Novice: 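Here it is: the structure, laid out below.
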Protein chains: 2
Amino acid sequence: MMKFADMPRPATSAALRVPARDRALLAGVSLWRRIADEIEQSIAGGTLPPGAQLPGEIELAQRFAVNRHTVRRALAALTEQGIVRAERGRGTFVEAPRLSYPIRRRTRFSEIVGHAGRAVGGRLIGSAVEAADAEVARRLTLETAAPVVRLDLLREADGVPLCAGTTWLPAARFPDAARIYAASNSITRLLAYFGIRDYARTQTHITAAIATATDAASLQVALGRPLLIVDSVDVNLDRVPLLTTRARFAADRVALVVET
Amino acid sequence: MMKFADMPRPATSAALRVPARDRALLAGVSLWRRIADEIEQSIAGGTLPPGAQLPGEIELAQRFAVNRHTVRRALAALTEQGIVRAERGRGTFVEAPRLSYPIRRRTRFSEIVGHAGRAVGGRLIGSAVEAADAEVARRLTLETAAPVVRLDLLREADGVPLCAGTTWLPAARFPDAARIYAASNSITRLLAYFGIRDYARTQTHITAAIATATDAASLQVALGRPLLIVDSVDVNLDRVPLLTTRARFAADRVALVVET
DNA sequence: TTTTATTTGTCCGTATGTATA
DNA sequence: GTATACATACGGACAAATAAA
């Protein structure tokens with residue numbers, strides 16, 4: 001099998017003259033798997049950048065000198081891994097690689113996105129002072145219905161929404177938190193304003209859900225796409241809870257990474 | 001507002017004679033949120049066990065002496081958190097609480113499930129010796145197309161499937177791994193057979209996807225339900241990669257927990 | 001607005017090599 | 001050795017979605 005990049009464009013190659021059963025056994029790897037690896041490497045190597053449209057299935061079949069169904073099997077494997085995305089009637093496209101989002105004691109959105117070489121964005125969608133529900137109160141070790149400041153944030157990288165999250169802080173300790181956040185646009189600076197030099201993530205719960213209409217609108221994903229639901233608690237150096245967050249990540253754009 | 005459990009069943013209570021806007025402000029918490037908390041506590045307290053059907057929305061509205069839409073707002077919040085599940089034409093049901101699945105250096109499925117007081121189950125769905133694809137080779141620091149043993153596992157708690165995963169091991173180091181696993185039904189014992197006393201998780205990548213027909217059948221979830229995709233590498237004490245896994249968890253049943 | 005071409009998705013079938021019982 | 005089941009590969013036809021004429 002020839003390389004993807006330098007494949008001739010009516011395929012008359014020697015491969016065609018080799019019976020299928022022999023070709024399939026040449027390297028002990030099934031044809032569709034070798035084709036998938038080939039395309040994957042073209043993507044990893046930059047020949048096919050994110051957003052690029054792959055050649056049509058028929059054209060790929062000609063280039064690789066295989067049947068269209070063999071190409072489809074390869075593309076299915078790549079789709080499964082989230083490397084490409086097929087759209088009926090339009091074509092198959094290279095997905096942007098997921099941003100690796102490390103989960104550590106020090107987890108700072110802006111640091112993570114900035115370190116990945118992407119432009120950090122984000123804005124305050126809304127805020128309110130409300131009574132803590134049972135779950136938020138438990139996480140912050142407050143009494144139920146204690147007043148908490150609620151910050152609804154949308155955070156993006158290179159202008160693309162990555163997550164929509166709600167952060168709750170005890171209103172008693174952080175009065176006027178919404179105004180401070182709006183001015184500084186950073187949780188770290190918000191806490192610094194209240195004299196907190198450092199803080200750390202203690203626990204992170206991760207599960208998944210399906211995008212609702214609201215999610216679809218705010219995160220700019222299609223309805224029904226997968227989301228990662230991340231619940232976390234941040235504490236100060238004395239392990240006193242400072243804030244808790246429930247964030248909804250577009251799973252198509254983010255992979256959470258845990259180093260242990 | 002009265003307790004959910006001892007709510008009278010034609011509601012004539014005093015609550016009705018208080019104007020709605022005053023009731024809503026009585027505790028500084030919105031009505032729907034208090035109702036949601038109330039139902040959540042009935043579930044947490046065991047009054048409404050997993051699988052139980054909630055009273056209909058109209059009946060709930062009567063019990064709480066509020067409009068049906070207020071009940072719906074409360075149920076929407078609980079649905080969002082995965083605590084209940086509404087089925088059109090049938091009713092609203094209590095979801096089983098998600099199993100907390102810690103991600104640590106020592107991550108052993110049977111220990112985690114057993115520690116949660118659930119019956120550990122699992123079986124080998126299939127196995128093969130195949131050539132490593134680009135990704136598996138990278139994770140195991142092998143050459144592409146190096147032979148690897150592939151183990152397809154289905155793992156369950158109390159007879160309910162939690163995850164379906166594929167584990168790859170270098171065939172050179174672990175010949176006949178499938179037979180050993182089938183006999184011992186444990187990765188830990190499989191590695192012990194080859195003289196490996198201990199091993200540890202180094203890196204875990206977490207993202208999400210939508211259940212395909214295959215997933216739906218193996219994990220017994222509905223098509224389109226969310227899955228957690230967990231990719232991990234385990235190494236020995238010298239940090240040499242021993243095995244790598246790609247597992248698909250039913251997100252409705254599992255929450256991954258990272259302690260940092 | 002309708003038509004037409006393109007592209008992916010789904011179904012039918014056939015043949016062959018491999019692994020298992 | 002035989003029979004069976006499964007994965008792989010190929011060939012064709014049509015449906016469904018999209019975009020452009």
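These figures come from a predicted structure and were not determined experimentally.
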Novice: Check this for me: does any side-chain nitrogen of one of Glu59(A) and Arg63(A) sit under 4.0 Å from a carboxylate oxygen of the other?
Specialist: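 Salt bridge: yes.
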Novice: Could you pull out all residues at least two apart from Phe249(B) that satisfy ring pair (Phe, Tyr, Trp, His ring centres under 6.0 Å)?
Specialist: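 Tyr101(B).
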Novice: Give the rounded distance in Å between these two atoms: CD1 of Ile58(A) and C1' of dC10(D).
Specialist: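 Taking atom C1' of dC10(D) as the reference, CD1 of Ile58(A) is at 14 Å.
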Novice: Hunt down the Watson-Crick or G-U wobble partner of dG1(D), both distances under 3.5 Å, from any strand shown, or write none.
Specialist: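 When the pairing criteria are applied, nothing turns out to pair with dG1(D), so the answer is none.
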Novice: Quick one: which protein N/O atoms are closer than 3.5 Å to N/O atoms of nucleotides 3-6 of chain D? Pair and distance per line, please.
Specialist:
none

Novice: Specify the separation, in whole Å, of atom CG of Leu78(A) and atom C1' of dT8(C).
Specialist: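 My rounded result for the distance is 15 Å.
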Novice: Whole angstrom is fine here: how far is it from CZ in Phe93(A) over to C1' in dT8(C)?
Specialist: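 Atom-to-atom, Phe93(A) to dT8(C), this comes out as 11 Å.
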Novice: Distance-only, no hydrogens or angles: does the Gln53(A) side chain make a donor-acceptor pair with backbone N or O of Arg90(A) under 3.5 Å?
Specialist: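 Here the side-chain-to-backbone pair exists.
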Novice: Between dT8(C) atom C1' and Gln53(A) atom CD, what is the distance in whole Å?
Specialist: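 It is 11 Å, rounded to the nearest whole Å.
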Novice: Once salt bridge (charged side-chain N to carboxylate O under 4.0 Å, His left out) is applied, do any residues pair with Asp238(B), and if so which ones, sequence neighbours excluded?
Specialist: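 Checked Asp238(B) against salt bridge (charged side-chain N to carboxylate O under 4.0 Å, His left out); zero matches.
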Novice: Considering heavy-atom distances to DNA chain C, does Ser127(B) or Glu87(A) have its closest nucleotide positioned more toward the 5' end?
Specialist: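 Checking each residue's closest nucleotide, the 5'-ward one belongs to Glu87(A).
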Novice: If I take atom CZ in residue Arg34(A) and atom P in nucleotide dT8(D), what distance separates them, rounded to the nearest angstrom?
Specialist: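 It is 13 Å, rounded to the nearest whole Å.
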Novice: Just how far, in rounded Å, is P of dA9(D) from CZ of Arg73(A)?
Specialist: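 Going from Arg73(A) (CZ) to dA9(D) (P), I get 9 Å.
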Novice: Side-chain N or O of Arg72(A) less than 4.0 angstrom from OP1 or OP2 on dT8(C)?
Specialist: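 For dT8(C), neither OP1 nor OP2 has a side-chain N or O of Arg72(A) closer than 4.0 Å.
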Novice: Any salt bridge (charged side-chain N to carboxylate O under 4.0 Å, His left out) pairs touching residues 92-104 of chain A, not counting sequence neighbours?
Specialist: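 As it turns out, the salt bridge (charged side-chain N to carboxylate O under 4.0 Å, His left out) pairs with a partner in residues 92-104 of chain A, which skip direct neighbours, are Arg85(A)-Glu95(A).
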Novice: Is Thr92(A) close enough to dT8(C) that one of its side-chain N or O atoms is under 4.0 Å from OP1 or OP2 there?
Specialist: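 So the side-chain polar atoms of Thr92(A) do come within 4.0 Å of the phosphate oxygens OP1 or OP2 of dT8(C), strictly under.
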Novice: Any Lys/Arg nitrogen of Arg33(A) or Glu130(B) sitting under 4.0 Å from an Asp/Glu carboxylate oxygen of the other?
Specialist: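 Result for this pair is yes, salt bridge flagged.
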Novice: Strictly by salt bridge (charged side-chain N to carboxylate O under 4.0 Å, His left out), give each pair with a member in residues 201-211 of chain B just once, sequence neighbours left out.
Specialist: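 Residue pairs with at least one partner in residues 201-211 of chain B: Arg201(B)-Asp234(B).
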Novice: For Val254(A), does its backbone N or O pair with a side-chain atom of Thr207(B) as donor and acceptor, under 3.5 Å?
Specialist: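 It does hold such a pair.
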Novice: Rounded to whole Å, how long is the line connecting atom CD of Glu59(A) with atom P of dT7(C)?
Specialist: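 Whole-Å distance recorded here is 8 Å.
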Novice: Mind calculating the distance between CG (Leu31(A)) and P (dG17(C)) to the nearest angstrom?
Specialist: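 From Leu31(A) CG to dG17(C) P: 14 Å.
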Novice: One character per nucleotide, please: for nucleotides 11-20 of chain D, 5' to 3', B when the base has a protein heavy atom closer than 4.0 Å, S when only the sugar-phosphate does, - otherwise.
Specialist: BBB--BBBS-
Novice: Under 3.5 Å, is there a donor-acceptor pair between the side chain of Thr107(A) and the main chain of Ile103(A)?
Specialist: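 Between the backbone of Ile103(A) and the side chain of Thr107(A) there is no qualifying donor-acceptor contact (under 3.5 Å).
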